[in-house]
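A short worksheet on the structure shown next.
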Amino acid sequence: MSSSASLAAPTQRSEQRQAAARVVGLTKVYGCGDTEVVALDHVDLDLAAGEFTAIMGPSGSGKSTLMHCAAGLDSASAGEVHIGDVDITRLKDKALTALRRDRVGFIFQAFNLIPTLTAEENILLPLSIAGRKPDQAWFDLVVETVGLRDRLGHRPSELSGGQQQRVACARALVSRPEIIFADEPTGNLDSASGTEVLAFLRRSVDEFGQTIVMVTHDPVAASHTDRVVFLADGRVVDEMRAPTAERVLEAMLGFERRTAGA
Amino acid sequence: MLQASWKSLLGRKLRLLMSAFAIILGVSFVAGSLIFTDTIGKAFDGITDTVGDVVVRPATTSGMFDGTGSSRTVPGDLVERLAGTTGAARADGNVSDETTFVVSKAGKLVGGQGAPGLGLNHNEAPTSSGAQPLTLTAGHWPERSGEVVLDVATAERAGYRVGDTVALVTSGAQPKVSATLVGTAEFASGGLVGASITVFDTKTAQALYFGGKDEYTTVTVTAKDGVSADELASAVQQALPAGFESITGAKLAEEQKTSINEALSFISTFLLIFAGIALFVGSFLIINTFSILVAQRSRELAMLRALGAGRGQVTRSVLFEAFVVGLVGSTLGLALGFGLAVGIRALFATLGLDLSESALVFQPSTAIAAYAVGMAVTMVAAYLPARRAGKMPPVAAMRDDVAMPEGTMRWRVAMGAVLVAAGITGVAVGGFAGVDNAAWFVGLGVFALVLGVAMTSPVAGRPVIAATGVVYRRLFGTVGHMAEQNAVRNPRRTAATASALMIGLTLVSMMSVFGASAKASIDKAIDASFAADFVVSNAIGQPFSAAVTDEVAQVPGVEAVSPLRIVDMQFNGGRTGGAAVDPQSFQRVVPIDLMDGSLAGLSGRAIAVDEKFAAEHDVAVGSKVELTVAGQEGSYTVAAVYHDLKAISLPILLGLETANAAGVPQQDSMAFVLTAPGSDRAAVEAGLETVVADLPTVTVKDQAAFAEEQRGPIDQMLALIYALLGLAVVIAVLGIVNTLALSVIERTREIGLLRAVGLSRRQLRTMLRLESVAIALLGAVLGVGLGLVGGWALQRALAGDGIDVLAIPAGQLAPFVALAGIVGVLAALWPGRRAARLDVLRAITTD
Ligand SMILES: Nc1ncnc2c1ncn2[C@@H]1O[C@H](COP(=O)(O)OP(=O)(O)O)[C@@H](O)[C@H]1O
Ligand SMILES: [Mg+2]
């Protein structure tokens, strides 16, 4: 197994280094009164730098909500969210926008690209929005890694789903964010394209030391990561290091049985 | 199916309202125009209440308000004879004049912007209903010279109270009159529509208007109880000598109303043309709005198709939405029409048609017209998008990103190209081929061009957008680039939005080129045909007393004065322009280019005609022409033919003597002044100014000032046209707002993504603003371009009618383009705010 060799390193790193992102007592409540939904219920979580974390759980367990709050896309009802050493729950919109632009990367399940821009323009979008010059060597490296050299001038509509998602990955990487959030990035892809994307994310963690948090349903996808955090009913119920598809599947079935039994 | 449409409508109230905007504005203009037109008609209804049972007048003249300055009168002894007619209870002589104006306490003329200043004698003639046309509200009726009564409104406006000394100006023998205000009176018909009434005692009125002779303008004969007006009229007719006629008051009032309505009918035509333009512009926006709405609902529509709805059902469901939008839009438009009618009333009040005292008239036909027009335009405009909705493939429901089935634009561009070609032909033929009705060719040509360019603009507009794109990328980097890309991603939508603005600007710039050309032509004509040093004229377009001209002649340093007396003439049953002049001196002040004959023989029954008249009616020197001069028919010999006068259109000239003999009033329209060589111009001007000092309406002008005055009406007309076209531009601006706002909704996820990757709210607003400006500039560039072509062709088409100089008002057109840019910025304000407030999360969470 290729992943077993790299298993030890991140674990050690996470002990030495500060967390790339940290969530303390995070609570998110939607609606009020009768329609009140507690999507997140006092979640505490450390996301270690240079680690690839998967967040799993049944539908409606609060995975997306956790990710949105952690990434500063949504406000928390209570609790704290730290990116690096900044408590982003205290930030105003302007500062949040700057934080997303400069320190956070995103990959979504679908609709990741601006249809009017070419692949290259899409990749460089966060930098050009910020008015920053791309680091050419880094850009080349990223493009090489995602294997899109000959597709740079194409529009999203001229790219396959897998290629589009790789462009989105390249875009998330190119501004060298401290952390990348990915919400079911392979959810819309066939298994071959999905594997490509996952392999690429794995490489960016291993080779560039990138921190990535990924929401997924898929035990195979989760097996590419270093650590799996299980959510249920807005709470962290378990976590697993050095996951394999079989162990993840087993764990998930276990939760489901427990939930069904309760 | 119906329920689905209904739910979809209610779920999109804001969008519904926005799509109804264009209809609301268009319909409000239609309704406003109709309400105003009906109000005008109603304002003159009251005339019926102001005339007596039977009126006797010189044959073939009509009564007051027609401005013909008829000079024929009824002799005083006839009045007594008429009183003795069987069935007559009494007969009263009326003296009336339309050029008696009140000068306010502050020295300003009251009214006089087109509305008459009535000067009347006081008598006790009752109206057909038995009441008095004028009722005293204070004081007593004038009894002797030096006493007057004014109508209440005029007295108030002029600041006079009973007992004050009133200053009056008349075009009668005595130009300045001052008298004590002994009372005020109210006119039976209510509002005077801007006119004023001054009442004298009969003797004084006769002295002022008929040189003291015992004559009347008309006679009112009142029937005894039990005698009908018709019976009395025929009895009176039998007793009348030749040259006089009797008419019932009812008929006379009808006659007057008809002539007023005819004179004012151009106003409703004019307003309805603008309403048509507004609706035309609006229809573009409706097409656009429905296209966008259908595009946004494409997945839902595809789902309906997948569930088994037929094409026709989907199309009908969209048309049903259009029906509701049309209904709501027409209703709100009708309501807004009232407000607009108030605005139009205020606009026309500044031009002298003062209806502020008349209540707005709302007739059922206005509502019917408003709904008919609003519904028809909405349904027709929504048909195209509705049909496209029907073509939605059911499988689209399964796809992630649904695109509307966009047919190729080949057909559309081809149609547009054909229209452009037709338009160019029309403009070229009208402007340059010298055909009859050239202006019509130009008008239709411009219409075809506008339509054609609107159709081809998704393609034809690309260079403009591309050019803006280059600038945008330079100045705004990625944000600018995305703005440009957004502007071209829906070529049809951008084109339709820009076209709406284009139409307004085409018309505005066409009018601006045409107006500038007309003014330049006037300047040139005056420069070429104005040999006088000064001209004395009446600012309000009314004649002034010939006594003024005589006084002017006495001013030291004046070598010669030559009057121009506009005379009412009828030829072949139609009115024609003409003037009486002094044959000797006139040629010195207005260089007439004679083709044949000489002006020296312009006395007795001789006339001179211009080239155009001679050609049209096939007359030459020596021909006999049947003319009605000041109401009297006669046979006149053509003594001279001259090249058309440039500055003033005067097809027929008479000698002053001839006019006097025909009974034309001694009132001059202009007097041209030549100074003696070596005299001090400034001193002469000062001398002339003293003559007209207390006549606020009569002014002395040199050539430059005279030209300025002649240009005045054009500026006024242009201002009116701009004000009305402004509405079309407002609709176009709302169209941009609408398109942008809907695009923002449509691009919710994209905007969310941009925000998620760090686009600031400010950058987002900038992006939308740039997109909006690009659309506005596209419309402006195309519009001003077409307007230039149209204006040029229109000037060429009317070159024969005196508009022979082409002037391009670059100083006016450039600001139009700049203004369009500002319009773009403003139009993006609201959509920008909405976009900036968009919830980032909602945008990116997949549903
Ligand atoms: N905007 C919202 N308004 C109300 N409830 C919401 C909203 N978004 C999510 N929820 C609720 O919060 C819970 C967690 O949702 P989510 O984080 O999307 O779950 P997951 O991504 O794990 O499927 C669910 O019960 C969902 O219904
Ligand atoms: Mg989710």
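This one's a predicted model, so the numbers in the text were calculated from it and none came from an experiment. Here is how names work: the chains are called A, B, and so on, in the same order as the sequence lines, proteins then strands, and each is numbered from 1.
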| Does a side chain donor of either A/Arg155 or B/Gln485 reach within less than 3.5 Å of an acceptor in the other side chain? | yes
Bottom line for B/Arg755: the part with an atom under 4.5 Å from chain A's heavy atoms is both
Let's go through A/Leu127 and B/Thr478 carefully: what are the C-alpha distance in whole Å and the side-chain angles of both, what is the deciding distance for side-chain contact (heavy atoms from CB on, under 4.5 Å) to 0.1 Å, and is it a yes or a no? CA-CA 10 Å; A/Leu127 291 177; B/Thr478 305; over 6 Å; no
Checklist entry - Is atom CZ of A/Arg235 surrounded by more than 12 heavy atoms (other residues, nucleotides or ligands) closer than 6.0 Å? => result no
For B/Arg489, does the CZ atom sit with more than 12 other heavy atoms under 6.0 Å from it, leaving out its own atoms? yes
So CG of B/Asn486 and OG1 of A/Thr116: to nearest 0.5 Å the spacing works out to 5.0 Å
Distance col, row B/Glu750:CD vs A/Leu113:CG, nearest 0.5 angstrom, shows 10.5 Å
Exercise for review: Mark yes when over 12 heavy atoms from residues, nucleotides or ligands other than B/Arg762 sit less than 6.0 Å from its CZ; otherwise mark no.
Suggested key: no
Cut-off 4.5 Å, heavy atoms of chain A, and the answer for B/Val757 is both
Just checking B/Arg474: does its CZ atom have more than 12 heavy atoms from other residues, nucleotides or ligands closer to it than 6.0 angstrom?
no
When rounded to the nearest 0.5 Å, the distance separating CE of B/Met482 from CD1 of A/Ile129 is 5.5 Å
| field | Validation row: A/Ser128, B/His481 side chains within 4.5 angstrom (heavy atoms) | value | no
The reported gap from CG in B/Leu754 to CZ in A/Arg101 (rounded to nearest 0.5 angstrom) is 13.0 Å
Is the number of heavy atoms from other residues, nucleotides or ligands within 6.0 Å of CZ (B/Arg387) greater than 12?
no
Heavy atoms of A/Phe106 and B/Ala756 approach each other most closely as CE1-O, 3.1 Å
